[in-house]
Structure formats: structure tokens, C-alpha cells
Amino acid sequence: MPFSRIFTRLRCCLMALWLSLFFLAFGAPAGAEVRKDALPEVVVVGGDRAYPPYEFLDRDGLPSGYNVELTRAIAEVMGLRIEFRLGGWSEMRDALQSGAVDVLQGMSFSEERLAEVDFSLPSAIVNHAVFARRDSPPVNTLAELNEYSVALHRGGIMHDYLARTGFAGELLLTETPAEAMRLLAAGKSDFAIVAIVPGMYHIRELKLTNLLPAVRNVATYRYGYAVKKGNAELLSRIDEGLAILKKTGRQQAIYEKWLGVLEPRPVDWWTLVKYAAVVVIPLLLLLGGFALWSRILHRQVALRTADLTREIAERRHAEEELRLNQR
């Protein structure tokens with residue numbers, strides 16, 4: 001082999017060795033960086049410890065609820081290993097930014113929050129309601145609450161909204177929606193703003209019989225998973241898993257199990273017609289029967305009256321003839 005070719009090969013090997021040592025010492029160039037959004041071996045999923053029926057710790061201290069079951073299903077179809085970490089909501093929002101958790105499994109979408117996080121496809125639509133005591137003054141809009149005290153979940157989407165729009169009333173911030181409902185039930189606040197499904201859940205579970213939803217929908221938000229800004233790999237896995245569950249009907253089954261029994265349903269006109277028919281048709285038959293019976297009775301009375309009139313006339317005629325004969 002010519003000496004020049006041997007020298008060229010030796011030079012290439014030395015250059016490759018030098019580049020390898022350089023990368024080890026100073027890191028790889030931008031094109032060869034390890035992806036910052038690469039999936040961790042175990043995905044840490046954060047959530048609210050007290051936001052039933054979406055996510056909460058049950059009586060045994062275990063994660064439960066709609067979000068938890070949906071996350072387990074996504075992990076199953078996408079082959080992800082997950083670990084749940086539920087805590088206070090404000091604490092969990094901070095944990096996502098610090099990297100202590102990789103994803104929050106239940107967060108309402110807003111344009112302002114897009115500066116901090118990226119959102120998945122929505123897993124639910126959440127309607128927020130104004131709750132009141134049965135003796136509270138009537139209200140119909142958020143603007144009418146400016147004269148009152150309002151109990152509210154700290155760090156929730158409605159707290160963000162009211163703080164941003166300059167709410168003039170008194171805000172009583174609580175760590176959980178349940179605490180807001182308790183304050184209202186005890187008369188320590190005039191109203192409470194809580195998502196309609198958790199609100200109705202707490203009324204049922206805590207037996208807060210003096211509370212009711214005064215306004216069932218003052219705000220509607222898309223609700224789903226949130227990752228730290230730029231974590232595209234994890235977000236794409238969640239979106240893909242959620243899409244699969246929606247196509248197979250499994251997501252809807254989980255939804256109905258946890259939320260369907262509490263969520264107000266739109267009017268089903270066919271069902272309304274069926275129930276109306278069950279009530280109206282027998283009522284019409286009953287009224288028709290009464291009308292027919294009344295008409296028959298009226299006719300019988302008329303005939304009897306005519307008979308009596310004729311008998312009286314015949315009796316008078318007979319009495320008149322008798323008097324004439326006696327004369």
C-alpha cells in the first residue's frame with residue numbers, strides 16, 4: 001500500500017480520536033445534543049389531591065378519580081411507566097415548572113397559561129357555577145357578585161380570571177373547593193364559585209343541603225393535560241394515547257363512570273316527548289272521560305227534567321178536570 005494512503009488513513013483516525021475526546025470534554029455540538037424533551041424512564045404525573053371527582057386521594061390515601069383512571073389508560077396503551085404525585089394545586093403548578101413533576105393531568109386552558117405550559121387535547125369541558133345558600137339574594141352574572149364576598153379555590157382558573165379582570169368584591173381563597181363550599185354553607189361567605197361537577201359532588205358527599213347552584217354556567221374551559229413549555233415528546237405521547245382511547249370508546253366509558261352521574265345534561269327532546277306522552281295522554285283520556293260522563297249526565301238530567309215537567313203538567317191537568325167535575 002502506498003505510504004501516502006497509509007498516512008491519510010492514520011490522519012483520519014487521529015482526527016476522529018481527537019473529535020471524540022473533544023466531545024467528551026466539552027459536550028456534543030448542537031446537532032448532536034441529547035434531546036431535552038426525551039421521555040424519562042418513569043413519568044411523574046402531578047395532580048390535585050382534593051378535586052373530586054376529577055382527581056383526589058381516596059380514604060386509603062391512593063390516587064383516584066376520572067383523571068387518574070384516564071392517565072392509567074393512556075399509560076397502558078402507550079407503554080409508559082408512571083408515578084402519581086398529588087398535592088395542593090398551587091404546589092403542583094410550581095412542581096411542574098421546577099421539574100419535580102413531568103405533567104399535570106388536569107388543568108384548564110387559558111391564553112395566559114400558555115406562557116408557562118403546553119396543553120394536550122382536551123379530556124373534558126368544565127363549566128363553572130356560582131353556588132349560593134337557599135336564602136341568598138338572587139344573582140345572574142359574575143358582575144353582580146362585586147358587592148359580595150366570594151369563596152374560591154386558590155390558584156384555580158376562576159381565581160386567575162377574577163384577579164386578571166379586577167374583581168371588586170371580597171375574595172376568600174381556600175386550598176380546596178370543598179373548603180369554599182363549607183365556608184358558604186356556614187354563612188362565612190355570600191357565594192362560592194366552583195366547577196359545577198365538583199360542587200354538586202360536595203353538596204352530595206358533605207350533605208350541604210342548604211346550598212344550590214344559583215348560576216349553573218358563568219364560565220366554560222377546556223380541561224386536559226399540561227406539560228412544561230417545550231416538552232413536545234411527552235405531549236405527543238399523551239395526545240396519541242388520548243386519541244386512541246377516544247376512538248375505542250374507552251375514554252367515554254371512563255367519563256360516564258366518574259362524571260356522567262353528576263354533570264347536568266342537555267335537554268333530550270325525544271326523552272322529554274316520551275315523558276310528556278306518559279303524563280299528557282292519560283290526562284287527556286281522563287279529561288275526555290270526565291267530559292263524556294258530564295255530557296251523559298247532563299243529558300240524563302235534561303231527560304229527567306223533561307219527564308218531571310210532563311208529569312207535573314199531566315197532574316195539574318188531571319186536578320183541573322177533577323175540580324171541574326166536582327163543580
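Computed from a predicted structure; not experimentally measured. Side chains included, hydrogens not; waters and symmetry mates left out as well; all remaining heavy atoms used.
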From Ile74 atom CD1 to Ile82 atom CD1, the distance as rounded to the nearest 0.5 Å = 9.0 Å
Atom pair CD (Glu41) and CG (Leu80), whose distance is rounded to the nearest 0.5 Å = 12.5 Å
With sequence neighbours left out, the residues meeting side-chain contact (heavy atoms from CB on, under 4.5 Å) with Glu147 are none
With sequence neighbours excluded, tell me which residues meet side-chain hydrogen bond (donor to acceptor under 3.5 Å, both in side chains) with Thr220.
-> Asn127, Asn217
List for me each residue that meets side-chain hydrogen bond (donor to acceptor under 3.5 Å, both in side chains) alongside Glu69, sequence neighbours excluded, and say none if there are none.
-> Lys257, Trp258
Does some side-chain heavy atom of Trp89 sit less than 4.5 Å from a side-chain heavy atom of Glu175?
-> no
Ring pair (Phe, Tyr, Trp, His ring centres under 6.0 Å) involving His128 - partner list, sequence neighbours excluded = Tyr221
Min side-chain heavy-atom separation Met78-Ile244 under 4.5 Å | yes
Could you go step by step and tell me if Val197 and Val126 meet the side chain to side chain contact (heavy atoms under 4.5 Å, CB included) rule?
-> CA-CA 8 Å; Val197 173; Val126 177; over 6 Å; no
Which atom pairs, one a donor and one an acceptor, fall under 3.5 Å between side chains of residues 186-196 and the rest of the protein, sequence neighbours left out?
unit_1	atom_1	unit_2	atom_2	d
Ser189	OG	Phe191	O	3.2
Asp190	OD2	Ser149	N	2.9
Asp190	OD2	Ser149	OG	3.1

With side chain to side chain contact (heavy atoms under 4.5 Å, CB included) as the test, would you mind laying out the steps for Val45 and Val101 before giving the verdict?
-> CA-CA 6 Å; Val45 181; Val101 301; over 6 Å; no
Separation between CG of Leu208 and CZ of Arg133, rounded to the nearest 0.5 Å | 12.0 Å
With sequence neighbours left out, the residues meeting side-chain hydrogen bond (donor to acceptor under 3.5 Å, both in side chains) with Arg250 are Glu76
Please answer whether the main-chain N or O of Val43 pairs with a side-chain N or O of Asp102 as donor and acceptor at a distance below 3.5 Å.
-> no
Name all residues meeting the side-chain hydrogen bond (donor to acceptor under 3.5 Å, both in side chains) criterion together with Asp239; count only those two or more places apart in sequence or in a different chain, and write none if there are none.
-> none
Does Asp160 pair with Arg154 as a salt bridge, N-O distance under 4.0 Å?
-> no
Take Gln251 and Leu70 through the test side chain to side chain contact (heavy atoms under 4.5 Å, CB included) and record every step on the way to the result.
-> CA-CA 7 Å; Gln251 185 263 347; Leu70 186 63; 3.7 Å; yes
By side-chain contact (heavy atoms from CB on, under 4.5 Å), which residues pair with Ser110, not counting sequence neighbours?
-> Glu112, Arg113, Ile157
Specify the closest pair of heavy atoms between Leu242 and Leu121, including all atoms of both residues, with the distance to one decimal.
-> CD2-O, 3.4 Å
Would you call Glu116 and Lys229 a salt bridge, using N to O less than 4.0 angstrom?
-> no
Give the minimum heavy-atom separation between Pro177 and Tyr51, together with the two atoms involved.
-> CG-CD1, 3.5 Å
If every non-hydrogen atom of Leu104 is compared with every non-hydrogen atom of Gly47, which pair is closest and at what distance?
-> CD2-N, 4.3 Å
By side-chain contact (heavy atoms from CB on, under 4.5 Å), Arg222 pairs with (sequence neighbours left out) Phe109, Pro122, Ile125
Would you mind reporting whether Val117 and Lys228 have side-chain heavy atoms less than 4.5 Å apart?
-> no
Honestly curious: do Tyr201 and Met158 fall in one hydrophobic cluster under the side-chain, below-4.5 Å linking rule?
-> no
Checking Arg85 side chain against Ala100 main chain: does a donor-acceptor pair fall under 3.5 Å?
-> yes
Can you run down the side-chain hydrogen bond (donor to acceptor under 3.5 Å, both in side chains) pairs that involve residues 55-65, sequence neighbours left out, and say none if there aren't any?
-> Glu55-Asn67, Glu55-Gln105
Gly155 backbone acceptor or donor facing Arg93 side chain under 3.5 Å | yes
Ile254 and Ala73: which non-hydrogen atoms are nearest, and at how many Å?
-> CD1-CB, 4.1 Å
Give the cluster check for Leu171 versus Val130: same hydrophobic cluster or not, with ILVMFWY residues linked at side-chain heavy-atom distances below 4.5 Å.
-> yes
Contacts of Phe56 that satisfy ring pair (Phe, Tyr, Trp, His ring centres under 6.0 Å) - sequence neighbours left out = none
With the side chain counted from C-beta on, respond yes when Leu183 and Thr174 share a heavy-atom pair under 4.5 Å apart, and no when they do not.
-> yes
Is there a path of hydrophobic side-chain contacts, each under 4.5 Å between heavy atoms of I, L, V, M, F, W or Y residues, that connects Tyr54 with Leu206?
-> yes
Contacts of Arg49 that satisfy side-chain contact (heavy atoms from CB on, under 4.5 Å) - sequence neighbours left out | Leu57, Leu86, Glu91
Rounded to the nearest 0.5 Å, what's the gap from OG1 on Thr209 to NZ on Lys207? Could you check?
-> 10.0 Å
Is there side-chain contact between Met181 and Phe131, with heavy atoms separated by less than 4.5 Å?
-> yes
Taking the side chain as every heavy atom from C-beta outward, state whether Ser123 and Tyr66 have any pair of such atoms under 4.5 Å apart.
-> yes
Any side-chain heavy-atom pair from Val103 and Leu234 closer than 4.5 angstrom?
-> yes
Quickly, which of Thr165, Val218, Val215 forms a side-chain contact (heavy atoms from CB on, under 4.5 Å) with Leu142? Name it, please.
-> Val218
Intermediate values then yes/no, side chain to side chain contact (heavy atoms under 4.5 Å, CB included), Val150 and Glu170 | CA-CA 6 Å; Val150 177; Glu170 181 185 5; over 6 Å; no
Side-chain heavy atoms of Tyr148 within contact of Pro137, under 4.5 Å | yes
May I ask whether Met107 and Phe84 are part of the same hydrophobic cluster, defined by side-chain heavy atoms of I, L, V, M, F, W, Y residues being less than 4.5 angstrom apart, directly or through others?
-> no
How many angstroms lie between CD in Glu179 and NE2 in His202, if you round to the nearest 0.5 Å?
-> 10.0 Å
Decide if the gap between the ring center of Tyr161 and the ring center of Phe167 is smaller than 6.0 angstrom.
-> no
Between OG1 of Thr71 and CD1 of Ile238, what distance do you get to the nearest 0.5 Å?
-> 7.5 Å
Taking all non-hydrogen atoms of both residues, which atom of Arg72 and which atom of Pro63 are closest, and how far apart?
-> NH2-O, 3.9 Å
Check whether Leu162 and Val139 end up in the same hydrophobic cluster, where Ile, Leu, Val, Met, Phe, Trp and Tyr are linked by side-chain heavy atoms less than 4.5 Å apart.
-> yes
Minimum heavy-atom distance Ala132-Ala214, with the two atoms named = CB-CB, 3.9 Å
